[in-house]
Amino acid sequence: MKFWLLKSEPDVFGYPDLARVGVEHWNGVRNYQARNFLRQMEVGDLCLIYHSNARPPGVAGVGRVVKAAHPDNLEFDVSSPYFDARSRPGEPRWSMVDIAAVVALPNYLPLDTLRQRSELGGLRLLQKGTRLSVMPVGEAEFRCILKAGGLNDSYGSFA
DNA sequence: GCCAACGTTGGC
DNA sequence: GCCAACGTTGGC
């Protein structure tokens, strides 16, 4: 099992929205590096749902991959801002995964707090110039964040 | 293939 | 709203 961090703007679609709908397409990713990470995701992988452009920005909850990468539906939708005229139905350019809500962090974890934890020094999110909306997270970092967020760090209980 | 111009992200 | 840091585009 692998671990990931997914950014989302809560004004658009935050963890509470995911919790309400249960499962959602994680679409609209339009960066090749992020897309390639999406394609590495497997069913069962766990994801931290991070609120960007929020006050304060931070980790809000945990989701699970319930469907591996498949063609992003919005790239073919002319009415969507994510429409991509270069995409061909037989040769889609972008990918999405389906994410299910697992649990909200009892304690929302602001970016500031993440920075203060030396165990999280390796977290890609905290590295300068990282704007990726999809990125891998190490298991130790993942557990650390669960714990700091007020959850038991044995994520096996999510199964 | 270079690189300037432009667009986007996202914290502050 | 500012702006640093990146990514993308497109002329050459």
* Heavy-atom distance under 4.5 Å between the side chains of A:Thr130 and A:Leu125, does that happen here? -> no
* **Note, A:Val134 side chain near A:Met41 side chain (heavy atom, < 4.5 Å)** => yes
* **A:Glu119 and A:Glu141: CA distance, side-chain angles, deciding distance, side chain to side chain contact (heavy atoms under 4.5 Å, CB included) verdict** => CA-CA 7 Å; A:Glu119 313 96 287; A:Glu141 287 81 8; over 6 Å; no
* Verify same cluster id: A:Leu132, A:Phe142 (apolar side-chain graph, 4.5 Å) -> yes
* Structure fact -> In numerical order, the residues of residues 74-99 of chain A whose heavy atoms come under 4.0 Å of DNA chain C are A:Arg86
* Is there a donor-acceptor contact under 3.5 Å linking the side chains of A:Asn53 and A:Asp11? -> no
* Are the side chains of A:Leu105 and A:Ile49 in touch, meaning some heavy atoms are under 4.5 Å apart? -> no
* Using the C1' atoms of five pairs at each end, what's the angle between the two axes of the helix from B:dG1-C:dC12 to B:dC12-C:dG1, to 10 degrees? -> 10°
* **Range on DNA chain B touched by chain A - first to last nucleotide, heavy-atom distance under 4.0 Å** => B:dG7 to B:dC12
* To do: Determine the interplanar angle of the A:Trp4 and A:Phe37 rings, folded into 0 to 90°, and report it as parallel if under 30°, tilted if 30 to 60°, perpendicular if over 60°.
  => tilted
* Using only heavy-atom distances, determine whether the side chains of A:Arg93 and A:Tyr32 contain a donor-acceptor pair under 3.5 Å. => yes
* Would you list the pairs meeting salt bridge (charged side-chain N to carboxylate O under 4.0 Å, His left out) in which at least one residue belongs to residues 13-36 of chain A, sequence neighbours left out? => A:Asp17-A:Arg20, A:Arg30-A:Asp72
Side-chain donor-acceptor distances from residues 94-104 of chain A under 3.5 Å, at least two apart:
{"residue": "A:Trp94", "atom": "NE1", "partner": "A:Asp84", "partner atom": "OD2", "Å": "2.8"}
{"residue": "A:Ser95", "atom": "OG", "partner": "A:Arg39", "partner atom": "NE", "Å": "2.8"}
{"residue": "A:Ser95", "atom": "OG", "partner": "A:Arg39", "partner atom": "NH2", "Å": "3.3"}
{"residue": "A:Asp98", "atom": "OD1", "partner": "A:His25", "partner atom": "ND1", "Å": "2.7"}
{"residue": "A:Asp98", "atom": "OD1", "partner": "A:His70", "partner atom": "NE2", "Å": "3.1"}

* To do: Under the side chain to side chain contact (heavy atoms under 4.5 Å, CB included) rule, what do A:Leu38 and A:Val29 come out as? Steps first, then yes or no, please.
  => CA-CA 9 Å; A:Leu38 286 177; A:Val29 173; 3.9 Å; yes
* Structure fact -> Numerically ordered, the residues 108-132 of chain A set in heavy-atom contact under 4.0 Å with DNA chain C is A:Lys128, A:Gly129, A:Arg131
* **A:Phe13 reachable from A:Val23 in the ILVMFWY side-chain graph, under 4.5 Å edges** => no
